[in-house]
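Accompanying notes for the structure given below.
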Amino acid sequence: MTDSIKTVCPYCGVGCGLEVSPPAQPGKAVHRDSEGTPIWQVRGDRSHPSSQGLVCVKGATIAESLHKDRLLYPMMRESLGQPFRRVSWDEALDQIASRIQALRATQGADAICMYGSGQFHTEDYYVAQKLMKGCLGTNNFDANSRLCMSSAVAGYVQSLGSDGPPCCYDDLDQTDCAFLIGTNTAECHPIIFNRLRKHHKQNHHVKLIVVDPRRTPTAEAADLHLAIQPGTDIDLMNGIAYLLLRWNYLDTQFLDECTQGFSEYAEVIRHYPPERVARRCGIRKDDLELAARHWGEAKRVLSLWSMGLNQSSEGTAKVRTLINLHLMTGDIGKPGAGPFSLTGQPNAMGGREAGGLSHLLPGYRFVNNPQHRAEVEQFWGLPAGAISPQPGRTAWQMIEGLEQGEVGLLWIAATNPVVSMPDVERTKQALRQSPFTIYQEAYYPTETTAYAHVLLPAAQWSEAPGTMTNSERRVTLCPQFRTPPGEARPDWVIFAEIGQRLGFGRQFAFNSAADVHAEFVQLTRGRPCDMTGISHARLKQEGPLQWPCPEQSTVTKDSRLKSESSSRLYTNLRFNTPDGRARFGAYHSRGLAEPPDPDYPFVLTTGRLYGHWHTQTRTGRIDKIRKMHPQPFIEIHPRDAEKLGIQEGNWVEVSSRRGTARFPAQLTQAIAPGTVFVPMHWGELWAEAAEANALTHPEMCPSSLQPELKACAVQVKLLTPNRASSEPTISASAAV
Ligand SMILES: Nc1nc2c(c(=O)[nH]1)N[C@H]1C(S)=C(S)[C@@H](COP(=O)(O)OP(=O)(O)OC[C@H]3O[C@@H](n4cnc5c(=O)[nH]c(N)nc54)[C@H](O)[C@@H]3O)O[C@H]1N2
Ligand SMILES: Nc1nc2c(c(=O)[nH]1)N[C@H]1C(S)=C(S)[C@@H](COP(=O)(O)OP(=O)(O)OC[C@H]3O[C@@H](n4cnc5c(=O)[nH]c(N)nc54)[C@H](O)[C@@H]3O)O[C@H]1N2
Ligand code: SF4
Ligand SMILES: [Mo]
């Protein structure tokens with residue numbers, strides 16, 4: 001088709017290529033959604049190396065949500081609860097700029113916070129960093145990736161010397177043993193899972209191990225499912241390490257030449273004999289031994305993980321313990337092997353590259369490194385000392401800052417914290433105290449709208465050009481192919497407008513997203529994520545490119561040659577540490593931050609469903625997906641249900657020390673007794689009192705500062721009389 005456009009799916013970190021074409025095609029009926037509105041047609045892009053033409057239901061239906069319930073104009077109000085009034089962009093931006101100036105003068109720049117998102121383009125991230133960390137001089141920029149990837153980042157940095165998943169999707173076809181831990185890949189990264197599943201089915205020697213307290217669709221496909229007790233991952237992995245050591249499956253040459261710290265680790269794993277580990281994890285000793293046997297015997301072990309490891313009060317330790325296993329057996333830096341963190345959001349990777357957490361600077365740099373700060377200050381044309389050496393507030397620390405009156409302005413963009421933050425009641429209470437909240441969003445309303453003083457309409461994916469990097473470090477250009485509705489503007493343009501109003505004309509004189517990108521990649525020169533060879537023009541011409549991609553990297557027609565240079569990291573077995581050796585991390589598990597007790601006897605875990613995306617701002621507006629997952633629910637084991645007198649479909653009330661929610665019960669053997677599961681997708685606009693985060697707590701990993709969204713203690717009781725099942729409702733009246 002001549003007038004089709006290639007782009008990347010704006011949902012998950014798999015980053016599938018999409019090919020879109022306009023609603024009206026010559027000689028064909030106009031393509032419309034179920035309500036009759038003409039919409040773009042979407043299909044998989046066969047030429048995209050990451051997905052080879054495949055898409056899941058979310059990517060396939062994306063066009064149905066883009067035009068619905070959009071935020072069209074800037075709006076403002078003096079205080080929460082009042083109606084918003086429409087204002088011009090000039091009025092809104094002038095107000096914001098003068099608020100910022102006033103706060104800098106009275107409370108200092110650290111009273112200003114921005115909370116962004118892995119759904120930004122890299123260009124948005126970069127301009128936001130420059131504004132906050134460079135020009136304002138506060139590192140108070142964090143993103144929802146803090147709730148998502150920060151343990152993976154910390155684990156990679158501490159073990160391998162640098163962030164960056166070392167693997168690529170071709171490894172899915174080349175592994176002998178796939179070890180999936182804390183990831184429901186089948187529902188959350190479906191196109192990766194399809195590829196792995198195919199390889200597994202076609203090659204009988206290939207083993208698939210899944211570690212998850214729930215028997216998810218991912219676990220259903222496994223040769224071995226280890227249904228461990230929530231939070232016992234470190235015990236399990238140290239137990240596997242114990243057996244690898246005992247059975248002598250070590251790669252001693254790799255250990256000697258490429259690693260450091262094994263003897264301290266060997267001291268720790270001595271305490272993990274199989275009987276003890278099996279008991280702690282709640283699994284059979286035979287199964288534990290089988291897992292270790294599979295790992296030890298495989299020539300190439302590929303591990304995949306996501307939130308089951310990261311969202312934990314010991315997330316970094318979990319990630320490092322997994323990396324330890326790879327270091328013991330030398331399963332890294334070669335095809336089919338390696339510790340592969342699956343990124344959740346479409347551009348969480350780009351955020352890491354552009355400095356999108358409160359301790360990072362662009363180009364995999366750190367704010368607490370004087371040389372890194374000096375390099376960035378110089379490049380931005382700012383005086384020495386312009387960038388603060390202190391890491392800024394993390395997502396949750398911004399909430400605490402509001403509570404303490406230390407935050408005077410919170411700018412939220414491309415995330416819906418009133419649903420997705422832990423302890424959402426406390427989050428709402430803190431937002432009610434916020435002197436000035438700016439919310440930059442594509443849709444209206446969302447749950448967070450009710451807590452904003454200023455609403456800024458953002459142009460979303462398809463309406464503004466930019467780039468995104470997927471889990472395998474592959475950068476795809478997302479061209480603009482639709483007109484933004486109303487007065488919506490690209491996120492980076494809004495940030496640059498504020499920068500200019502604050503007197504940084506030179507720093508924000510960008511004419512296009514391509515300009516922003518060209519400047520950003522200069523800051524990656526010589527860094528692990530070198531992208532100086534990537535530009536909008538080259539991406540347009542050649543298609544997606546993987547980093548590292550330094551400037552001199554030549555255009556080669558032979559894609560195998562091209563991928564050999566960048567598809568895997570550490571192929572020379574030199575890591576990014578000062579001595580080039582990877583580091584073992586030796587940890588005992590500290591267990592859950594809030595273990596169950598007689599008052600709150602169940603462990604609640606939370607997560608995702610195949611069709612819905614997070615807080616439903618898009619997928620809740622798509623009929624097909626609403627029908628697929630019509631309402632929230634709680635999964636409970638039949639044995640627990642029986643004790644509580646709960647039958648299938650009964651309404652139950654779930655309470656933690658922080659809040660309460662209500663769900664119809666789904667009885668299933670797929671969850672272990674003592675554990676219950678609730679999907680995270682239903683905020684107060686989509687169902688009554690069904691918020692997973694009404695229950696969760698913000699206790700975090702001391703290293704990554706990522707909250708433990710995967711486990712809290714709850715009580716469950718039958719609600720009588722039974723409430724009739726209420727249809728999910730959407731109303732704009734989120735109370736403040
Ligand atoms: N359909 C869909 N796909 C998505 C998203 C979406 O909203 N919807 N969001 C994207 C994003 S941002 C992310 S971060 C990813 C998340 O992708 P995943 O991490 O795969 O998804 P989750 O459902 O959050 O959690 C994964 C699994 O962790 C398990 N788990 C809970 N506690 C533990 C534990 O202590 N140990 C272990 N080993 N496992 C545990 C849960 O039972 C759950 O099955 O998905 C991405 N893809
Ligand atoms: N209990 C529990 N809580 C969780 C999790 C969990 O597993 N359990 N997972 C956590 C994780 S991993 C994540 S990633 C978060 C996700 O949580 P959120 O980030 O809150 O979820 P989204 O619904 O994706 O919110 C993105 C928002 O950005 C808007 N948007 C889309 N495109 C654009 C754009 O281009 N510009 C602007 N300005 N706005 C745009 C969307 O309309 C939407 O409102 O949730 C976290 N919270
Ligand atoms: S797997 Fe992820 S990137 Fe691919 S189509 Fe589905 S949501 Fe989009
Ligand atoms: Mo995420």
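Whatever order the structure lists ligands and atoms in, that order sets their numbers, starting from 1. Predicted, not measured: the structure shown is a model, and the values here were computed from it.
Neither the backbone nor the side chain of Q311 has any atom closer than 4.0 Å to an atom of ligand 1 (non-hydrogen atoms only). Here Y610 has backbone heavy atoms under 4.0 Å from ligand 1, and that is the only part of it that gets that close. With a 4.0 Å heavy-atom cut-off, ligand 1 is reached by no atom of L309. Contact annotation: for Q460 versus ligand 2, heavy atoms closer than 4.0 Å belong to both the backbone and the side chain. Looking at C12 against ligand 1, only its side chain comes within 4.0 Å, counting heavy atoms. Residue-level proximity to ligand 1 for D233 is carried by the side chain, the only part with a heavy atom below 4.0 angstrom. Contacts between K318 and ligand 1, counted as non-hydrogen atom pairs separated by less than 4.0 Å, involve the side chain only.
For the residues Q706, Q119, R618, E441, the heavy atom positioned nearest atom 32 (N) of ligand 2 is part of R618.
Of all atoms in ligand 1, numbered sequentially from 1 with element shown, those under 4.0 Å from a heavy atom of T605 are 31 (C), 32 (N). Atoms of ligand 1 found under 4.0 Å from any heavy atom of S306 (numbered from 1 in listed order, with element): 17 (O), 18 (P), 19 (O), 20 (O). Those atoms of ligand 1 that come under 4.0 Å of a heavy atom in P213, given as number and element, are 30 (N), 32 (N), 33 (C), 37 (C), 39 (N), 40 (C). Atoms of ligand 1 lying under 4.0 Å from at least one heavy atom of N184, given by number and element, are 20 (O), 26 (C), 44 (O). The contact set between ligand 1 and E187, taken as ligand atoms under 4.0 Å from a residue heavy atom, comprises 1 (N), 2 (C), 3 (N).
Aromatic rings of W295 and F179 (six-membered ring for Trp) have centroids within the 6.0 Å cut-off, being under it. The ring of F120 has its center closer than 6.0 angstrom to the ring center of Y125. Checked against the 6.0 Å centroid criterion, the rings of H612 and W682 qualify as a close aromatic pair. Aromatic ring centroids of W411 and F495 lie under 6.0 Å apart.
Among all non-hydrogen protein atoms, the one lying nearest atom 11 (C) of ligand 1 is G344 CA, 3.2 Å.
Of the polar atoms of G231, at least one N or O is found under 3.5 Å from an N or O of ligand 1, judged by distance alone. The distance criterion of under 3.5 Å between nitrogen or oxygen atoms is not met by T606 with respect to ligand 1.
A salt bridge links R489 with E497: the distance from a Lys NZ or Arg NE/NH1/NH2 to an Asp or Glu carboxylate oxygen falls below 4.0 Å. With respect to K58 and E187, no salt bridge is recorded, no charged nitrogen being found less than 4.0 Å from a carboxylate O. With respect to the salt-bridge test (charged N to carboxylate O, under 4.0 angstrom), the residues R658 and E425 do not qualify. Ion pair K624/E64 not flagged as a salt bridge, since none of the NZ, NE, NH1 or NH2 atoms sits closer than 4.0 Å to an Asp/Glu carboxylate oxygen.
The shell of residues lying under 4.0 angstrom from ligand 2, judged by heavy atoms, includes A459. Distances shorter than 4.0 angstrom do not occur between any heavy atom of S117 and any atom of ligand 2.
Because its NZ or CZ atom is not both nearer than 6.0 Å to the ring centre of F481 and within 45° of the ring axis, K6 does not count as a cation-pi partner of that residue. Annotation: cation-pi pair R70/Y443 present, NZ/CZ under 6.0 Å from the ring centroid and within 45° of its normal.
For atom 6 (Fe) of ligand 3, the count of nearby protein N, O or S atoms, meaning those under 2.8 Å away, is 1.
A side-chain contact (heavy atoms from CB on, under 4.5 Å) with Y444 is found for exactly one of D69, T617, L455, namely L455.
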